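Take a look at the structure set out below.
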Amino acid sequence: MKAIVDCNSFYCGCERLFKPDLNHKPVIVLSNNDGCIISRTDEAKRLGVEMAGPYFKAKPLIEKFNIATFSSNYHLYGDLSWRVMETMRMLMGKNNVEVYSVDEAFVDLPEFNTEKINIASENLKTTIEQWTGIRVSIGVAPTKVLAKVANRLAKKNKQATNCIVILNTEESIADALYNTPIGDVWGIGRQYAEKLKEEFAVFTALDLRNKTEYWAKKNLGGVTGVRLIKELNGEAVIVMKDELTEKKMIATTRMFGSAVNNLKDIQEAIATYTSRAAEKLRRQNSAAGIISVFVVQKEKKFNETFRHGMSRSAYTILPIATSATNELIKAALPLIEKIFTNGEFYKKAGVMLSGIVPDINIQGNLFNPKDNDYKQLMMMVDNVNFSMRDDVLKFASGGTKKNWKMRQELRSPRYTTRWDEIKTVS
DNA sequence: TCTGGGGTCCTAGGACCC
DNA sequence: TCTGGGGTCCTAGGACCC
């Protein structure tokens, strides 16, 4: 059996942890740059706050009902996420937990009987809540897709289910599928949902389950669709992934706080993003063979309508795959000059690393002391920055003024990762 | 007269996820 | 004034090979 453990309104839950007066009150968390709403509590949902809706549009509602609003605080969420995952690994065994996202993990459960599954799920839920203060919902079923279905129902009916739904009989599965609209199935996005309803009269997960694999191959994205049908029918084909699989692409991209029109600011931003991307690269002991950068122009008003900002990109194939921040920055900066146009305003930029290979020189190269030096330097930079949970050491090309930095006006303190922001009780 | 069959690798782009 | 960031997987089609 597979379980999916999902934190309830995770980012909001993290904020509430340090502001218990917000319990049972509506709370929302905004995306980077305070652009849109990426987490909301049930109370906020009931007031009509749209998920992923733009902040400025929801502002009247937020003010009217005095909804507590936070900019995202990834230091805090990252740390609490780690605690939740670590708790699961301790209880269920390291190799049975697959972290799927910052607030979700799949857990491989042995073939227990119903009673044992119940006990295990209960125990998992209460322990996570006791140890970390974060509330979770758990869905259990024979496959990942069905576990997702169960989890959705658990979250929808928190009171009745106590946030745990177990689907392990034919009837319970069929019933759950019948109560799941097609657009809420894991793997069915907006496009497919439309198509399924209009062309094939498929309205629920149950309707979809009754389709053939041949049909899915033709109409639902080929092998992806076939997998989905199998999973809905209880055949586990989406396997648990090894925790250690490396990323094949690493990106760091950001909107600017306000539009930027000078080359130097963009280069500073790109240098900073490159540092961040290089850290991610080193964390998985990889090196990148290709670096690409892109910029997006600010949209322009054009006869009363807004025209989408143009996007331009450029890439370089590096002579040798590397994970050294300085080498990557050196490759990235000229690319920006290539795509930058004087006089234009830009709202976003980013760096992408690909052609990712294992960094075979990770131990340092005995015969090339220069290479060794940089590795030790990078390791030191990473260690210092990680232990301080902040960029204490950085490259000068990243700049110090940061005219382009994103807006984060409502961020809470980094309670758990910074001594000077720790919560005080008086 | 008349132009196979099988394969690889790469890129762009679409669809999805949280 | 004003809509995030970071990924994954898959397919189609072109270039190229024997």
Side-chain angles (χ1 to χ4, degrees), chain A residues 4-11 28-40 50-60 62 71-74 77-78 81 98-106 144-145 148 151-152 155 182-196 216-228 237-239 241 245-259 273 276-277 279-281 284 289-290 292 294 296 298-301 306 308-309 311 313 315 317 345 347-356 406-409:
Chain A
I4 176 106
V5 180
D6 188 323
C7 303
N8 300 341
S9 309
F10 180 55
Y11 295 168
I28 59 171
V29 173
L30 306 176
S31 65
N32 272 334
N33 226 27
D34 295 347
C36 50
I37 295 157
I38 52 173
S39 181
R40 55 174 187 177
E50 293 283 329
M51 188 64 172
Y55 175 44
F56 74 91
K57 260 188 176 167
K59 227 167 178 173
I62 290 164
S71 300
S72 29
N73 181 349
Y74 291 108
Y77 312 151
S81 170
E98 177 196 337
V99 176
Y100 178 66
S101 74
V102 67
D103 69 334
E104 275 175 74
F106 286 102
K144 282 184 170 181
V145 170
K148 278 278 200 180
N151 187 271
R152 174 180 164 276
K155 270 208 262 195
I182 188 66
D184 287 340
V185 175
W186 190 45
I188 300 293
R190 271 244 304 281
Q191 317 265 336
Y192 280 139
E194 285 295 299
K195 183 173 154 182
L196 287 170
K217 188 166 185 175
K218 245 181 73 183
N219 300 302
L220 208 59
V223 300
T224 326
V226 174
R227 271 207 295 255
L228 190 52
V237 285
I238 303 179
V239 291
K241 240 201 276 165
T245 46
E246 283 143 19
K247 291 190 178 113
K248 295 165 185 164
M249 187 201 79
I250 287 171
T252 301
T253 73
R254 295 273 185 288
M255 302 273 300
F256 299 135
S258 52
Y273 302 163
R276 178 90 338 112
E279 271 171 30
K280 296 181 199 168
L281 196 59
Q284 61 170 44
I290 298 168
S292 67
F294 71 87
V296 182
K298 192 177 152 60
E299 53 280 280
K300 286 180 189 157
K301 207 168 179 187
F306 277 95
H308 238 43
S311 156
S313 68
Y315 70 94
I317 299 172
F345 276 85
K347 63 170 183 182
K348 181 179 185 173
V351 177
M352 277 187 265
L353 302 176
S354 51
I356 292 185
M406 63 189 183
R407 269 196 307 270
Q408 265 196 333
E409 286 159 7

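As the structure is a prediction and not an experimental result, all values here were calculated from the model. Protein chains get the first letters and strands the later ones, always in sequence-line order, with residue 1 at the start of each.
- Counting heavy atoms from C-beta outward, Ile37(A) and Leu30(A) have side chains that approach closer than 4.5 Å.
- In the set dC10(C), dT3(C), dT1(C), dT1(C) carries the atom at the smallest distance from any side-chain atom of Lys298(A).
- The side chain of Arg254(A) places an N or O atom within less than 4.0 Å of a non-bridging phosphate oxygen (OP1 or OP2) of dG6(C).
- The partner of dC18(C) is dG5(B), judged by Watson-Crick or G-U wobble contacts that both fall below 3.5 Å.
- Side-chain atoms of Ser31(A) lie closest to dG4(C) of the nucleotides dG6(C), dC10(C), dG4(C).
- Rounded to whole angstrom, the span from the CZ atom of Arg190(A) across to the C1' atom of dC16(B) amounts to 12 Å.
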Worked verdict on Tyr74(A) versus Asn32(A) for side chain to side chain contact (heavy atoms under 4.5 Å, CB included): CA-CA 10 Å; Tyr74(A) 291 108; Asn32(A) 272 334; 3.5 Å; yes

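- Residue contacts for Val185(A): at a heavy-atom cut-off of 4.0 Å it reaches the sugar-phosphate backbone alone, with no base atom in range.
- Rounded to an integer number of Å, the gap from CE of Met51(A) to C1' of dT3(C) is 14 Å.
- Proximity note for Gln191(A) (side chain, C-beta onward) versus dC18(B), dA15(B), dG4(C): the nearest is dA15(B).
- Residue Val223(A) is in sugar-phosphate contact alone, with no base atom involved, counting any heavy-atom pair closer than 4.0 Å across all strands shown.
- For Lys280(A), the NZ atom sits in a packed shell: over 12 heavy atoms of surrounding residues, nucleotides or ligands are nearer than 6.0 Å.
- Listed for the Lys195(A) side chain is a donor-acceptor partner under 3.5 Å among the backbone atoms of Asn219(A).
- Closest to the side chain of Met249(A), out of dC16(B), dT8(C), dG5(C), is dT8(C).
- dG4(B) and dC17(C) have their C1' atoms separated by 14 Å, with the value rounded to a whole Å.
- Following rounding to the nearest Å, Tyr11(A) (OH) and dG6(C) (P) show an atom-to-atom distance of 11 Å.
- Among dT11(C), dG4(C), dG7(C), the nucleotide with an atom closest to any side-chain atom of Cys36(A) is dG4(C).
- Distances were taken from every side-chain heavy atom of Lys148(A) (C-beta onward) to each of dC10(C), dG6(C), dC18(B); the shortest belongs to dC18(B).
- What separates CD of Glu98(A) from P of dG7(C) is a distance of 16 Å, to the nearest Å.
- Nearest to the side-chain atoms of Trp186(A) among the listed nucleotides dC18(B), dG7(C), dG6(C) stands dC18(B).
- Taking side-chain N and O atoms only, Lys247(A) has no distance below 4.0 Å to OP1 or OP2 of dC9(C).
- Contacts of Ser72(A) with the nucleic acid, taken as non-hydrogen atoms under 4.0 Å apart, are absent.
- Heavy-atom nearest nucleotides on DNA chain C were determined for Ile38(A) and for Thr224(A), and the one closer to the 5' end corresponds to Ile38(A).
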Using the side chain to side chain contact (heavy atoms under 4.5 Å, CB included) rule, take Phe10(A) and Val29(A) through it: C-alpha gap first, then chi angles, then the decisive distance, then the call. CA-CA 10 Å; Phe10(A) 180 55; Val29(A) 173; over 6 Å; no

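- Residue Ile188(A) is in sugar-phosphate contact alone, with no base atom involved, counting any heavy-atom pair closer than 4.0 Å across all strands shown.
- Atom NZ in Lys144(A) sits about 15 Å away from atom P in dC17(B), given to the nearest Å.
- Looking at heavy-atom distances under 4.0 Å, Lys280(A) makes contact with sugar-phosphate atoms alone, never a base.
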Take Leu196(A) and Leu220(A), measure what side chain to side chain contact (heavy atoms under 4.5 Å, CB included) needs, and give me the verdict at the end. CA-CA 9 Å; Leu196(A) 287 170; Leu220(A) 208 59; 4.1 Å; yes

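- Contacts of Tyr55(A) with the nucleic acid, taken as non-hydrogen atoms under 4.0 Å apart, are absent.
- Side-chain nitrogen and oxygen atoms of Lys347(A) include none within less than 4.0 Å of the OP1 or OP2 phosphate oxygen of dC2(C).
- The phosphate of dC9(C) (OP1 or OP2) has a side-chain N or O of Lys248(A) nearer than 4.0 angstrom.
- Contact between the side-chain N/O atoms of Ser101(A) and the OP1/OP2 oxygens of dG7(C) is not found at any separation under 4.0 Å.
- Relative orientation of the Tyr100(A) and Phe106(A) rings is perpendicular, given thresholds of 30° and 60° on the angle between their planes.
- To the nearest angstrom, P of dC16(B) lies 10 Å from CG of Leu196(A).
- Using a 4.0 Å heavy-atom criterion, one finds that Asn33(A) contacts no nucleic acid atom at all.
- The phosphate of dG6(C) has neither OP1 nor OP2 within less than 4.0 Å of any side-chain N or O from Arg276(A).
- Nearest nucleotide to the Met255(A) side chain, out of dG5(C), dC10(C), dC18(B): dG5(C).
- Nearest nucleotide to the Phe56(A) side chain, out of dG7(C), dC2(C), dC10(C): dC2(C).
- Closest to the side chain of Lys57(A), out of dG7(C), dT3(C), dG5(C), is dT3(C).
- Straight-line distance from the CD1 atom of Ile356(A) to the P atom of dG6(C): 14 Å, rounded to whole Å.
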